[in-house]
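One structure is given below, encoded as structure tokens.
Within every chain, numbering begins at 1; the chains are lettered A, B, ... in the order of the sequence lines, protein sequences first and strands thereafter. As the structure is a prediction and not an experimental result, all values here were calculated from the model.
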There are 2 protein chains.
Amino acid sequence: MQTPGEFVRDQVTTVRETVDRVAGSVVETVHDAPSVAAVSSQVGDFIREQRSAARVSLRELARNAGVSNPYLSQVERGLRKPSAEILASIARGLKISAETLYEQAGILDRRSGNPDTVAAIRSDSALSERHKAVLLELYETYVREHLASSPAATQTIPTSSKESA
Amino acid sequence: MQTPGEFVRDQVTTVRETVDRVAGSVVETVHDAPSVAAVSSQVGDFIREQRSAARVSLRELARNAGVSNPYLSQVERGLRKPSAEILASIARGLKISAETLYEQAGILDRRSGNPDTVAAIRSDSALSERHKAVLLELYETYVREHLASSPAATQTIPTSSKESA
DNA sequence: CAACTCCGCTTGCAGTTGCTAGCACTCCAG
DNA sequence: CTGGAGTGCTAGCAACTGCAAGCGGAGTTG
């Protein structure tokens, strides 16, 4: 036979066990939703890569993008999930297209393009022949610059170039 | 009389000037963007129109989209500015593309030209993100010039597009 | 050495987003 | 008439976003 005090203590213990159990399942649920955190981290990592490639400090990029540098820091580390507007601002600061960051952030689907950019430009009926030539020249210039700046890419790109030729 | 090489070199110089000009105009375009409130109302109106056309109640769309109906109501009336994720959910409920709502919301620019060329440039691993952005801006400029310089071509391009499909 | 500038980050907070609970209204069946 | 189902909306609130103020550290200058 329990005293009223003992009964209440038992109940409180039972409540605590229930809370712990529920809290545990919540933790498990959080673990089941890593895709959101992974996406936040993905765009953050990507932004940091682009910033690093451009040899720009976090503060400078934040200034150029018109966002606060602490917030940019948090975004890069995946602690915050920026809005599309902020992503567009960061893209502008990085001088890259907003779509790129949207894709990394998972809010825009990546369209698979023609593996051969040269062929795509050549067959584009929305362009005059002169403009095609200009774009192709610029494209080749950029590809050469890319080769010069990242030798590791050397092994994949010439192969692609030969296939198109 | 210029040789083709000389012509192309001249064009590359012109291209660089164009790129600089385009980069400048991008900043101005941002300033010319419609106000946030107007954009919120625009996407809200658009959502209501699409919902009305589909003969779906607000609650049904909210259910299909997986958002709360009061919130959807507020979005439609321009009282709230939904995130890209919410827009994507609403688009799914409406069975339209998310890009459509992003465009109405002003977070995604409508692209001119051939989507295949755009996608090819975007996914080309031989280019840095910055160079991709430059090429895409230039491509857009040329497409617009192409449209402006031969309006008759406007009627042939979609036809050509159908033929290739 | 101190003072300064720059670096990336922490913390607290105001404003915003998206939700739940509930409201008033309309229509229809019993 | 009442009760139920559906409609779109109001109001309050928790969680989140993006910011400003400030920190500790590194490097430079006088």
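In summary, the side chains of Ser41(A) and Arg77(A) do not present any donor paired with an acceptor at a separation below 3.5 Å, with no hydrogens or angles considered.
Atom C1' of nucleotide dT10(C) and atom CG of Leu72(A) are separated by 15 Å, given to the nearest angstrom. If you measure from atom NZ of Lys81(B) to atom P of dT17(D), you get 13 Å, rounded to the nearest angstrom. Note: CD (Gln74(A)) to C1' (dA20(D)) measures 12 Å, nearest angstrom. Rounded to an integer number of Å, the gap from Ile86(A) CD1 to dC16(D) C1' is 13 Å. In this structure, Arg80(B) atom CZ and dT17(C) atom P are separated by 7 Å, rounded to whole Å. For the pair Leu79(A) CG and dT10(C) P, the interatomic distance rounds to 7 Å; values are reported in whole Å. dG8(C) atom C1' lies 10 Å from atom CD of Glu76(A), rounded to whole Å. The distance between atom CG of Asn69(A) and atom C1' of dT10(C), rounded to the nearest whole Å, is 12 Å.
Arg77(B) has a side-chain polar atom (N or O) that falls below the 4.0 Å cut-off from OP1 or OP2 of dT10(D). At dG6(D), none of the side-chain N or O atoms of Arg63(B) fall inside 4.0 Å of OP1 or OP2 (strictly under the cut-off). For the OP1/OP2 pair of dG8(D) and a distance below 4.0 Å, the side-chain nitrogens and oxygens of Arg59(B) include no atom meeting the criterion. Here Ser73(B) does not reach the OP1 or OP2 of dG8(D): none of its side-chain N or O atoms lies under 4.0 Å away.
Residues Asn114(B) and Tyr139(B) approach most closely at N-OH, 2.8 Å, considering heavy atoms. The two residues Ile96(A) and Arg130(B) have their closest heavy-atom pair at CG2-N, 3.8 Å. Heavy-atom minimum distance, Thr117(A) versus Ala120(B): OG1-O, 3.4 Å.
Residue Ser57(A) is classed as a sugar-phosphate contact, given heavy-atom separations below 4.0 Å to backbone atoms only.
Here the nucleotide nearest the side chain of Pro70(B), chosen from dA21(C), dG8(C), dC19(D), is dA21(C).
A salt bridge is absent between Glu137(B) and Lys95(A): the closest approach of a Lys/Arg side-chain nitrogen to an acidic carboxylate oxygen does not fall below 4.0 angstrom.
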